[in-house]
Every structure is written in C-alpha cells, then in structure tokens.
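Structure, as structure tokens:
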Amino acid sequence: MTQYYQAEMQARFGIDVDLGGEVEENPWLKQVLLRRTQRRYSDRPVSEALVRLLLAAAFSASSKSDFQQASAIRLEERGRRDRLAALFPDMPWIGNAPVFLVFLGDARRLEQITPHPVENGRLEGFFNATVDAALALQTCILAAETVGLGACPISVLRNHIGAVAEILALPDKVFPVAGLCLGYPAQQGFISMRLPLDATVHRDRYGDAGQGAAVEAYDRRRDTRHSIADRQRDPARFGTAEFYGWSEDKARQAMTPEGTGFAAYLKAHGFSFD
Ligand SMILES: Cc1cc2nc3c(=O)[nH]c(=O)nc-3n(C[C@H](O)[C@H](O)[C@H](O)COP(=O)(O)O)c2cc1C
C-alpha cells in the first residue's frame with residue numbers, strides 16, 4: 001500500500017521513499033507531504049470564528065511540562081500593523097495578509113501565576129518557551145492548511161526586535177518566535193523539495209558519513225526541478241558559481257548574520273541564559 005504516497009514523496013523529496021511496509025492511505029498526511037508556504041493571498045476574508053478555531057488548535061499543541069509558555073498576539077489595528085510592516089518593505093505579505101498573528105515565547109507568565117519567586121530567565125526557561133511557541137506556530141499552520149488557508153511564518157521580526165517589541169508592547173521575558181501571515185491563497189504556490197531522509201534521519205547513532213554525497217545529489221535534483229542559478233547571492237563577495245544549488249545558496253545566506261541584536265535585547269529584558 002506504500003504506493004499511496006509515491007506521488008507525494010516524489011513531490012517532496014524528488015525520489016521514491018521506501019516506507020518499509022504497508023501503511024494506510026490518509027488524505028491529511030498526503031496534504032502534509034504536499035504542504036507549502038503561501039505568501040500571496042486573495043481578498044477573501046477569513047472569518048473571526050475561523051481565526052479563533054485556528055488559535056484554539058494552535059494552543060492544543062504539546063507543551064513542555066504543561067508550563068504553557070506560548071502566547072500569541074493577533075495584530076488587528078491597522079496603524080500598528082502598518083508600522084510593523086514598514087520595518088520589512090521587502091516582505092509585503094506582512095502588511096497584506098488578511099490575518100497576522102505573532103507567536104511569542106512567554107517565560108513571564110510562569111513567574112506571575114503565584115507569589116512563589118520563580119526565576120525563569122535561564123536558558124532552560126528561554127528554550128522551553130521558544131519550543132512551546134514554535135509548536136503552537138506549526139500547529140496553527142497545519143490547522144490553517146487543513147481548512148484551505150495559506151500561511152507564512154515570519155521570523156524576520158527578530159531583526160528589528162527593539163521596534164517590534166515597542167509596537168507590540170512586549171514586557172520582559174516575552175519575545176517573538178515568529179509572526180504568521182494567514183489568508184486564502186491567491187496562487188497554487190510551489191513545493192519546496194527537502195533533503196532526503198537518508199541525510200536527516202540517523203539510525204541508532206548519529207553519522208554523517210554519507211552527507212556530502214546526499215547533499216550533492218539533492219542539489220542536483222532540486223536544480224533540475226527549479227533552478228536558482230540566475231539568482232546567485234552576492235556574486236561580488238562570493239563569485240559566480242558554475243553550479244549554484246541549494247547548499248551554495250544556503251551557505252551564502254548563512255554567511256550574512258541575521259537577528260544580530262536579538263541576544264542583546266533578550267539579555268536586557270530578563271534573560272540571563274545561565
Ligand atoms: C521559523 C520560521 C520562520 C520563517 N520566517 C520567514 C520570514 O520571515 N519570511 C518569509 O517570507 N518566510 C519565512 N519562513 C518560511 C520559510 O522560508 C519556508 O518555510 C521555507 O522556505 C520552506 O518552504 P515551505 O514551507 O514552502 O516548504 C519561515 C519559516 C519558519 C519555519
């Protein structure tokens with residue numbers, strides 16, 4: 001029965017994936033395998049009740065120790081949204097999406113729920129709050145996609161953390177993990193091919209001996225489906241590569257630091273990271 005997922009595996013990985021046994025056909029899993037980020041939305045409004053439903057689904061995500069350290073802001077006030085969007089002119093979907101949410105790591109609430117002197121600014125508190133917010137974010141995305149909406153997480157918020165914190169009135173120990181654009185998609189979008197499971201899933205112990213070959217083959221598969229050769233990043237700095245694939249593109253991207261003020265902001269707003 002594994003052939004049920006072959007088309008989806010091809011779309012996602014560009015190769016057949018042997019599941020090693022029979023599995024049931026499940027339409028939702030197929031949809032997850034075919035999921036894609038959407039950055040352009042139609043004018044069709046998203047009802048208030050649906051947004052509430054998606055938030056309820058988001059906050060049904062697992063939570064480390066049941067500490068419930070995720071929070072979200074629904075940004076509705078036009079002026080405030082415009083001020084936020086103006087910080088990121090190259091991502092117009094931040095201002096255009098019918099719905100904009102911000103998922104927050106909230107290490108503050110735990111300190112406030114009783115008079116006990118909880119100190120939650122260590123790395124553990126930060127990490128747990130981040131993971132909770134990320135799980136809520138992705139649960140919201142999958143829930144939204146399940147009902148036909150498109151979604152785009154927005155982590156660039158952290159690149160202007162001071163201004164974003166001011167616009168959203170964030171107190172100490174509350175920080176954005178990512179925004180989330182939601183709306184009915186205006187176009188089909190495209191499936192971003194992923195590294196093969198051979199490169200990302202290890203058996204019994206970590207081992208990256210085959211990684212070079214796996215990434216090289218992945219680069220070639222991805223290039224065949226969707227070449228980015230004519231969009232080389234910063235050729236003045238890195239030169240023009242003869243073959244320009246995912247790995248070269250991502251390495252170049254990672255060479256330009258992002259979110260450089262984030263650590264200093266967090267340290268000035270309640271986190272010691274001890
Ligand atoms: C935590 C997180 C932050 C992201 N931030 C942004 C962002 O700021 N702007 C944007 O356009 N896309 C953002 N994305 C979307 C990614 O670029 C996208 O997920 C990735 O290219 C893979 O594409 P896919 O989701 O269609 O498979 C973000 C995704 C994640 C998970």
Side-chain angles (χ1 to χ4, degrees), residues 2-20 23 27-41 88-94 96-97 134 137-138 141-142 144-145 149-156 158-159 178-181 183 185-203 206-260:
T2 54
Q3 70 272 16
Y4 282 138
Y5 296 96
Q6 267 178 13
E8 290 77 15
M9 295 296 185
Q10 273 290 342
R12 176 61 70 203
F13 299 103
I15 46 174
D16 292 330
V17 174
D18 181 6
L19 298 177
V23 286
W28 186 75
L29 279 178
K30 286 185 169 188
Q31 187 205 294
V32 172
L33 289 166
L34 296 177
R35 65 152 303 281
R36 66 208 71 175
T37 290
Q38 296 283 3
R39 298 183 176 86
R40 292 196 172 76
Y41 312 98
F88 311 99
D90 55 341
M91 293 192 186
W93 41 95
I94 296 175
N96 295 344
L137 169 77
Q138 184 63 19
I141 292 169
L142 291 178
E145 291 171 348
L149 288 165
C152 181
I154 299 293
S155 61
V156 288
R158 290 186 281 111
N159 295 357
L180 185 64
C181 300
Q187 54 188 32
Q188 210 184 7
F190 96 110
I191 296 171
S192 176
M193 210 186 271
R194 291 292 195 270
L195 287 164
L197 297 185
D198 285 348
T200 51
V201 181
H202 306 259
R203 201 172 277 261
Y206 191 91
D208 58 8
Q211 182 173 274
V215 171
E216 162 76 18
Y218 169 71
D219 276 340
R220 299 280 167 185
R221 279 197 299 278
R222 219 174 133 130
D223 177 72
T224 303
R225 189 170 297 172
H226 182 72
S227 172
I228 52 169
D230 58 348
R231 286 190 276 138
Q232 302 203 11
R233 281 177 208 263
D234 205 349
R237 179 177 176 196
F238 298 106
T240 302
E242 204 173 303
F243 174 73
Y244 191 83
W246 171 86
S247 57
E248 177 66 19
D249 186 56
K250 291 299 136 186
R252 288 187 185 193
Q253 183 177 359
M255 293 277 289
T256 307
E258 259 198 288
T260 43

Quick check against the 3.5 Å criterion: does [X] have a side-chain atom that pairs as donor or acceptor with the backbone of [Y]?
X: D223; Y: G245; answer: no
X: R12; Y: I191; answer: no
X: Q31; Y: E145; answer: yes

Would you say that [X] contacts [Y] through its side chain, given a criterion of any heavy-atom pair below 4.5 Å between the two side chains?
X: R252; Y: D234; result: no
X: R221; Y: P196; result: yes
X: S192; Y: T37; result: no
X: E8; Y: V32; result: no
X: L29; Y: V23; result: no

If you count the non-hydrogen atoms of other residues, nucleotides and ligands that lie under 6.0 Å from CZ in R203, is the total more than 12?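 It does not: R203 CZ has 12 such atoms or fewer within range.
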Counting only heavy atoms from other residues, nucleotides and ligands, does the tally under 6.0 Å from CZ of R36 exceed 12?
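Enclosed: over 12 neighbouring heavy atoms sit under 6.0 Å from CZ of R36.
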Problem - For M9, the option from I15, D16, L19 that meets side chain to side chain contact (heavy atoms under 4.5 Å, CB included) - result: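 Result: among I15, D16, L19, L19 is the only option passing the side chain to side chain contact (heavy atoms under 4.5 Å, CB included) with M9.
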About how many Å separate [atom2] of [Y] and [atom1] of [X], when rounded to the nearest 0.5 Å?
X: K250; Y: R233; atom1: NZ; atom2: CZ; value: 5.0 Å
X: R222; Y: I228; atom1: CZ; atom2: CD1; value: 6.5 Å
X: H226; Y: M193; atom1: NE2; atom2: CE; value: 10.5 Å
X: C181; Y: Q38; atom1: SG; atom2: CD; value: 11.5 Å
X: M91; Y: C152; atom1: CE; atom2: SG; value: 7.5 Å
X: Q6; Y: L33; atom1: CD; atom2: CG; value: 12.5 Å

If you measure only the distance, is there a donor-acceptor pair under 3.5 Å linking the side chains of N96 and Y41?
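There is no such pair between these side chains.
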Under 6.0 Å from the ring centre and within 45 degrees of the ring axis: does the NZ or CZ of R220 meet both conditions for the six-membered ring of F243?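 Yes, cation above the ring, under 6.0 Å and within 45°.
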| request: Kindly assign one of parallel, tilted or perpendicular to the pair Y218 and W246, based on the angle between their ring planes and the thresholds 30° and 60°. | output: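 The arrangement is perpendicular - the two ring planes meet at more than 60°.
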Exercise. Taking all non-hydrogen atoms of both residues, which atom of R237 and which atom of T256 are closest, and how far apart?
Worked result: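 Result for this residue pair: NH1-OG1, 3.8 Å.
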